[in-house]
Amino acid sequence: MTALASDPMPALAVRALRAGYGSGGDIVRGIDLDVAPERILAVIGPNGSGKSSFVKTLAGLLQVREGSIRVTGNDVTRLSPAKRVSAGMAYVPQEANVFASLTIRENLQLATELLRDRPGIGPDRQARVMDMFPEVAGRPRTLAGNLSGGQRQMLAFACALLANPEVLLLDEPSAGLSPRFVDDIMQAVVRVRESGVTVVLVEQNVAAALRIADEAMVLVAGQKTLWAPAADVSDADLAELFLPGGH
């Protein structure tokens, strides 16, 4: 009998993750997950469910109290945010994700200034990344502050991808955008995945996230209450999990 090929190493593996702020209680409460390479995981849940705290913990902005985080098998649990970028994890926050007073070119240059030790960084990488974002590629001298909200998000994606990450963390990328720009942003996320990057997408626009995601994780009160293929998550599932009286 021919042996079955083993499953690929997860791009992101999280075990028993717990985190919180200061001396307060845990906001992230015992989350386990494996995300395979080149997949989009949508992290959804009601307001106050711990979604942003979870992704900030992955990015190193919120200290891990218990558990572990691995990127392509490498333990990054105790690394600083900058070291996590060098280890293959990039993060785009919801706000203040570009330097408004700098041009597009200057933002891109700054994005890799401290990443000399990360393999795959250089002019070839920048050319490939900019091919993915024609919305900003042809405007190198434009101030980032003069871009639309959607274009600023594209620039933030591009800056993060210049680090040649294995995993890209996105925190509410469609927040405050018009419906037209929401669709543009989601298509950009798909292009990121198609370039070989695993995406963890924290998103309040559930319908938009589920349309492009491979898997979905629902958080309620900082705990994983559902993990399923995104296409299998029904309105009934969401109503039960999101509304008072759900699990």
Is there a chain of hydrophobic side chains (I, L, V, M, F, W, Y, each step under 4.5 Å between heavy atoms) that links Leu177 to Val190? yes
Do Arg15 and Asp34 come within less than 4.5 Å of each other through their side chains, counting heavy atoms only? yes
Quick one: does Thr198's side chain have a donor or acceptor within less than 3.5 Å of a partner on Val167's backbone? no
Determine whether a donor-acceptor pair (N or O, by modelled atom type, separation under 3.5 Å) exists between the side chain of Thr103 and the backbone of Thr142. no
Before giving the answer on side-chain contact (heavy atoms from CB on, under 4.5 Å), spell out for Tyr21 and Lys56 the whole-Å C-alpha distance, their side-chain angles and the decisive distance to 0.1 Å. CA-CA 11 Å; Tyr21 296 89; Lys56 287 176 181 176; 4.2 Å; yes
What heavy-atom pair brings Ala158 and Met130 nearest, and what distance separates the two atoms? CB-SD, 4.3 Å
With side chains defined as the heavy atoms from C-beta onward, is the minimum distance between Phe181 and Ser148 less than 4.5 Å? yes
If I take atom NZ from residue Lys83 and atom CG from residue Leu79, how far apart are they, to the nearest 0.5 angstrom? 8.0 Å
In one Ile/Leu/Val/Met/Phe/Trp/Tyr side-chain cluster, 4.5 Å: Leu61, Met89: yes
Main-chain N/O of Ala213 paired with Arg193 side-chain donor or acceptor, under 3.5 Å: no
Can a donor-acceptor pair be found, under 3.5 Å and without considering hydrogens, that links the side chain of Asp214 to the backbone of Ile40? yes
Closest non-hydrogen contact found for Leu162 with Ala111 is CD1-CB, 4.2 Å
With rounding to the nearest 0.5 angstrom, report the CZ to CD1 distance, Arg78 to Ile69. 8.5 Å
Assess whether side-chain contact (heavy atoms from CB on, under 4.5 Å) is satisfied between Ile44 and Leu210, documenting all intermediate values. CA-CA 9 Å; Ile44 58 179; Leu210 292 180; 4.2 Å; yes
Check whether any side-chain heavy atom of Val28 sits under 4.5 Å from a side-chain heavy atom of Arg18, and report yes or no. no
Carboxylate-amine/guanidinium contact Arg191 Glu135, below 4.0 Å: yes
Are the side chain of Thr225 and the backbone N or O of Val218 linked by a donor-acceptor pair below 3.5 Å? yes
Positive for side chain to side chain contact (heavy atoms under 4.5 Å, CB included) with Val55, one of Val202, Val92, Leu201: Val202
Shared hydrophobic cluster, Val71 / Leu62 (ILVMFWY, side-chain heavy atoms < 4.5 Å): no
Would you find a donor on one side and an acceptor on the other, under 3.5 Å apart, between the side chain of Gln223 and the backbone of Gly30? no
To the nearest 0.5 Å, what is the distance between CG on Leu102 and CG on Leu110? 7.0 Å
Does the side chain of Val220 reach to within under 4.5 Å of the side chain of Pro46, using non-hydrogen atoms? yes
Any chance you could lay out the side-chain contact (heavy atoms from CB on, under 4.5 Å) test for Leu58 and Leu12, step after step, and finish with the verdict? CA-CA 10 Å; Leu58 296 181; Leu12 175 67; 4.1 Å; yes
Rounded to the nearest 0.5 Å, what separates atom CD in Glu194 from atom CD in Glu38? 10.0 Å
Nearest heavy atoms of Pro165 and Arg125, plus distance in Å: CD-NH2, 4.0 Å
Within this structure, what is the CD-CG distance for the pair Glu215 and Leu226, rounded to the nearest 0.5 Å? 11.5 Å
Write out all pairs satisfying salt bridge (charged side-chain N to carboxylate O under 4.0 Å, His left out) with one or both partners inside residues 136-165, taking only residues at least two apart or from two chains. none
Side chains of Leu108 and Val136 in contact at under 4.5 Å (non-hydrogen atoms): no
When you check the side-chain N and O atoms of Glu203 and Ser174, is any donor under 3.5 Å from an acceptor? yes
Do Leu219 and Ile31 touch side chain to side chain, with heavy atoms closer than 4.5 Å? yes
Side chains of Asp171 and Tyr91, heavy atoms from C-beta outward: is any pair under 4.5 Å? yes
Apply side-chain contact (heavy atoms from CB on, under 4.5 Å) to the pair Phe54 and Leu33, showing each step before the final yes or no. CA-CA 12 Å; Phe54 170 64; Leu33 62 83; 3.5 Å; yes
Of the non-hydrogen atoms in Ile185 and Gly150, which two are nearest, and what is the gap between them? CD1-O, 3.7 Å
Judged by atom type as modelled, is there a donor-acceptor pair below 3.5 Å linking the side chain of Arg65 to the main-chain atoms of Leu17? no
Kindly indicate whether the side chain of Arg128, heavy atoms from C-beta on, has any atom under 4.5 Å from the side chain of Ser195. no
For the OG atom of Ser86 and the CG atom of Asn164, what is their distance to the nearest 0.5 Å? 11.5 Å
Is it the case that the side chain of Lys51 and the backbone of Val43 share a donor-acceptor pair, with hydrogens and angles ignored and the cut-off at 3.5 Å? no
Side-chain heavy atoms under 4.5 angstrom apart, residues restricted to Ile, Leu, Val, Met, Phe, Trp, Tyr: same cluster for Leu143 and Met154? no
Single-linkage hydrophobic cluster, 4.5 Å side-chain cutoff, Val200 and Ile27 together: no
Say whether, by atom type as modelled, one donor and one acceptor occur between the side chain of Asp32 and the main chain of Ala16 under 3.5 angstrom. yes
